[in-house]
Structures are given as C-alpha cells and as structure tokens.
Amino acid sequence: MSTPGEYYQRDRTWHPPALTRNYKTSVSRSPQYALISLQNSVGEITGPVFGHGDIDPLDNDLLLNYAQPGESAIGERIIVHGRVLDENGHPVPNTLVEAWQANAGGRYRHKKDTYLAPIDANFGGCGRTLTDENGYYYFRTVKPGAYPWRNGVNDWRPAHVHMSIFGSGFAQRLITQCYFEGDPLIARCPIINTIPDRAAQGQLIAALDMNATIPLDSIAYKFDIVLRGRRSTLFENRLEGN
Amino acid sequence: MTQELSYLKETPSQTAGPYVHIGLAPGAAGFDIYKEELGWEIAGPNAGGERIRVEGVVVDGIGSPIKDVLLEAWQANSEGIYPHPESAGDVEEDFRGWGRVITDFETGEWAFESVKPGRTRGRNVGMQAPHIHLWLVARGINIGLHTRMYFEDEPEANAEDPVLNIVEWERRRSTLIAKRSERAEKIVYRFDIKLQGEDETVFFDV
C-alpha cells in the first residue's frame with residue numbers, strides 16, 4: 001500500500017479562466033500575471049478537519065432550519081443529493097459541504113440584496129452537512145427562484161444553489177454552483193458560460209432523479225461533486241515531512 | 001483507438017458571488033441560524049507561540065478595496081504542525097489552523113487573530129519559512145485564488161524558502177511578505193492583496 005501523494009494538477013481548461021469579459025465583474029478582479037505553479041508541500045496536502053461536533057443534524061434541512069416551529073419554507077420542496085468523489089472515483093468521506101441559495105422568489109437573505117421579491121420569514125437559505133463514509137450527502141430545501149442581476153441590462157440567473165466543499169487537502173478547496181436540469185436560463189447565463197467547455201458546464205447541472213423523490217412530498221435532483229484526486233507515490237520521490 | 005482512462009473530471013469552479021456570507025458567515029449576511037459559525041477561532045486559547053493580528057485589504061484593478069471578498073486562512077501551529085493526520089505531531093487542543101475572514105462592508109478592511117506559525121519542511125529539500133495560506137473568493141473571481149503570506153521579520157528563513165525562491169522575479173516576492181508593526185502592545189502584520197496592476201500579488205496554482 002503506497003502513501004497517497006500530491007494532488008493531480010488542476011485542469012485549468014476545464015475551469016473558468018480568471019478573465020471572462022461577459023461576466024463583467026471579473027474584468028477588474030482577475031489577476032493578469034500567470035499563476036505560479038507550486039508542487040504540493042504539507043500545507044497543500046493537509047486541510048481543516050471537521051466533525052459532527054461542529055454542526056447540528058438539522059443544518060442540512062433548509063425547509064426547517066430557519067423556520068418557526070410548525071412552519072416551513074415556501075416553495076417547491078426538493079432534495080439535492082449526491083456523492084463527493086475524487087478524480088480517481090473514490091468517495092471523499094466526512095468532508096464538509098455547505099450550501100446557500102435564494103428563496104423560491106429569487107431573493108437572498110442578505111443585507112446587501114435589495115431585489116423586490118419578498119423575504120420568506122421561514123427560510124434562511126443556508127445549510128451544511130458532512131459526507132458519510134461513502135461520500136454521500138443530501139440537503140432538503142426549496143427550489144431557488146431565478147432573479148435578475150446587474151451585468152447586462154436584462155441578465156437573469158438560472159435557479160442555482162451555491163456549494164462549498166473542502167475535501168481533505170487545502171488544494172482541493174472548491175466553490176461551485178448547482179443548476180437544475182431543464183432550466184432555459186442556463187444557456188443564457190454569463191456565469192455558467194465562464195466555463196468554456198460544454199461538457200464541463202453539464203457537470204454543474206443536477207439531474208432530475210425520480211428514483212430519489214419522496215412521493216407526495218419532495219422531488220429530487222442528483223448532484224455529484226468531484227474533487228481533485230491524488231497520485232500514488234509508488235514510483236516517485238516521497239514527500240519529506242509526510 | 002486506445003483504451004479509455006477512467007478518471008473523473010474535477011467539478012468546475014464557479015464564483016462565490018456577492019452573497020457568499022449567507023452560506024459561510026451568515027451572521028455577516030444579517031441573520032443568526034447556526035449554533036456556531038465555523039472559522040472564527042483559528043488558534044484557540046491553548047496555542048503556543050506569538051499572538052498576532054493580521055490585517056489588510058484586497059484591492060481590484062481599479063485600486064478600490066473589494067468589500068465582498070471572503071478569505072480563508074490555513075496555517076501550522078508555532079511548532080510547524082498542521083492539525084491534520086498527514087502532518088506529523090500533535091497540535092494544542094482547540095488549535096484549528098483554519099479560519100474565515102470577511103471584510104468590513106463599508107471599507108473592505110479585514111483582520112484576523114492567530115499565532116505566528118512555525119517553519120515547515122519543504123516538499124523535497126530544505127525548510128519553508130513561516131507562512132499562512134490564504135484562499136480568496138468573491139464576486140468576479142471565477143476560481144478561488146491561492147496565495148501565501150510570509151513574515152517581514154523572518155528575513156533569513158524567507159531567503160531560504162523554496163516557494164519564495166521559485167518566484168522568478170525577486171521584486172514580486174515582496175508581494176507575499178507582510179509588514180510588521182506594534183500597536184497597543186499587539187503585534188500586527190499588514191498584508192494588502194492586489195488582484196491586478198503594479199505589484200499584483202503572486203497567486204499560486206497549487
């Protein structure tokens with residue numbers, strides 16, 4: 001059994017580049033010089049560790065985690081579920097997944113959001129969970145609404161849930177967005193279109209998953225997440241200090 | 001035709017957007033939901049070493065502070081040990097080594113308190129100078145940016161640091177070194193990050 005080594009190089013052509021002119025805010029926020037490539041040392045291979053003492057069991061239930069007793073968030077009841085895997089196809093267990101989203105009307109509970117759709121008194125809009133030993137996670141929530149934003153004069157965000165994932169090493173740290181199958185706004189969205197490759201975009205579109213729905217209760221979407229994989233150190237110099 | 005490799009592709013990144021606080025720091029978004037938000041205590045009360053405050057702004061290409069940026073810090077303790085099973089040794093109880101840092105929405109100024117980390121071993125040879133990993137996300141940043149903060153008062157360690165030394169342009173290395181001062185009997189390091197322009201901060205593909 002070999003010790004896992006450094007993470008596979010990130011395929012930067014699969015990710016959005018820093019500068020994407022149709023997403024206007026990126027123009028002044030994108031570094032101009034090339035990134036300096038760094039082979040992993042201990043600080044990139046390690047990362048923060050979380051446990052069940054850090055979160056509450058209800059934290060992944062956005063229908064209830066901000067609702068008054070006996071109340072529930074308004075909107076289409078959905079389950080977003082899937083597995084966190086690495087590029088080798090191995091599950092990533094016990095890793096923290098955090099989610100946040102607008103409410104069913106497309107309004108965020110944030111002091112800086114002034115969209116005219118109303119706040120839902122029973123919906124906070126965030127959740128968090130740890131993957132189980134198979135890398136599995138789920139959230140129960142409402143389907144977020146589309147909303148307009150200032151980019152072009154008439155740009156709309158498709159329904160989406162923001163996702164933050166840790167993995168085991170800080171080099172795996174990732175924030176992404178989960179979109180929903182069949183949404184006609186996806187193809188027009190300047191933010192998903194920062195990703196050049198169509199297949200890569202498709203990796204962010206959760207599939208309607210009728211097998212995971214709860215009949216007469218909630219509909220389900222499957223959203224698997226892939227973090228960077230690690231090479232085996234079998235035929236290379238061992239990292240020192242590990 | 002050749003055989004197909006069966007590797008999966010990494011999920012592509014998307015911007016954290018302007019409302020990142022809802023998910024990662026809901027108190028800053030304006031509401032209280034969790035029993036405890038994660039990432040507010042990096043070193044904990046038992047950590048050894050010098051207590052420090054780190055502060056700065058993140059500046060865009062126009063020269064304006066970015067008010068909706070969120071940073072995460074990751075560091076070793078004062079002995080150079082990370083709280084992770086793949087880092088040899090034990091850390092003090094409650095030393096997390098990780099924290100979240102948000103800005104003042106009016107000014108863009110951010111700050112966090114921690115302890116100064118120790119030196120860690122380099123990948124193959126030598127020792128790394130004390131440093132804190134920083135990861136930045138914000139509206140307009142399509143994929144999180146990794147950088148490192150080193151310490152001005154470690155000139156010898158910095159001179160030997162294998163990572164600083166792979167930055168070909170010596171003048172750019174200074175963008176990674178925080179300035180030390182003392183204020184009200186506290187050690188303060190100033191670390192401004194520039195996304196573009198003169199003295200653009202070095203960012204890493206880790």
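All chains are named by letter (A, B, ...) in the order of the sequence lines, taking the proteins before the strands, and each is independently numbered beginning at 1.
- Interface remark: B/Tyr82 contributes side-chain atoms only to the contact with chain A (heavy atom separation under 4.5 Å).
- Looking at A/Asp197, neither its backbone nor its side chain comes within 4.5 Å of chain B, counting heavy atoms on both sides.
- Between B/Glu10 and A/Asp11, every side-chain heavy-atom pair lies at or beyond the 4.5 Å cut-off.
- With a 4.5 Å cut-off on non-hydrogen atoms, A/Leu96 touches chain B through its side chain but not through its backbone.
- At a 4.5 Å heavy-atom cutoff, B/Val58 makes no contact with chain A through either its backbone or its side chain.
- In this structure, A/Arg10 contributes its side chain and B/Asp205 its backbone to no donor-acceptor pair below 3.5 Å.
- Taking every heavy atom of both residues into account, A/Val42 and B/Arg121 meet most closely at CG1-O, 4.3 Å.
- Using the six-membered ring where Trp is involved, A/Phe50 and B/Trp98 have ring planes that are perpendicular, over 60° apart on the 30 and 60° scheme.
- In summary, A/Lys112 and B/Asp68 do not engage in a salt bridge, as defined by a charged side-chain N under 4.0 Å from a carboxylate O.
- Nearest heavy atom pair, residue B/Asn142 against residue A/Ser26, reads ND2-CB, 4.2 Å.
- For a residue to count as touching a neighbouring chain, one of its non-hydrogen atoms must lie under 4.5 Å from one of that chain's; by this rule A/Ile192 touches chain B with backbone and side chain alike.
- Going from atom CG of B/Leu24 over to atom SG of A/Cys126 covers 9.0 Å, rounded to the nearest 0.5 Å.
- Heavy atoms of B/Leu145 lying under 4.5 Å from chain A belong exclusively to its side chain.
- In this structure, the portions of B/Val206 lying under 4.5 Å from any heavy atom of chain A include both its backbone and its side chain.
- In plain terms, the two heavy atoms of B/Pro85 and A/Val49 that are nearest each other are CD-CG2, 4.3 Å.
- Judged by distance alone, with hydrogens and angles left aside, the side-chain atoms of A/Tyr23 form a donor-acceptor pair with the main-chain N or O of B/Gly140 at under 3.5 Å.
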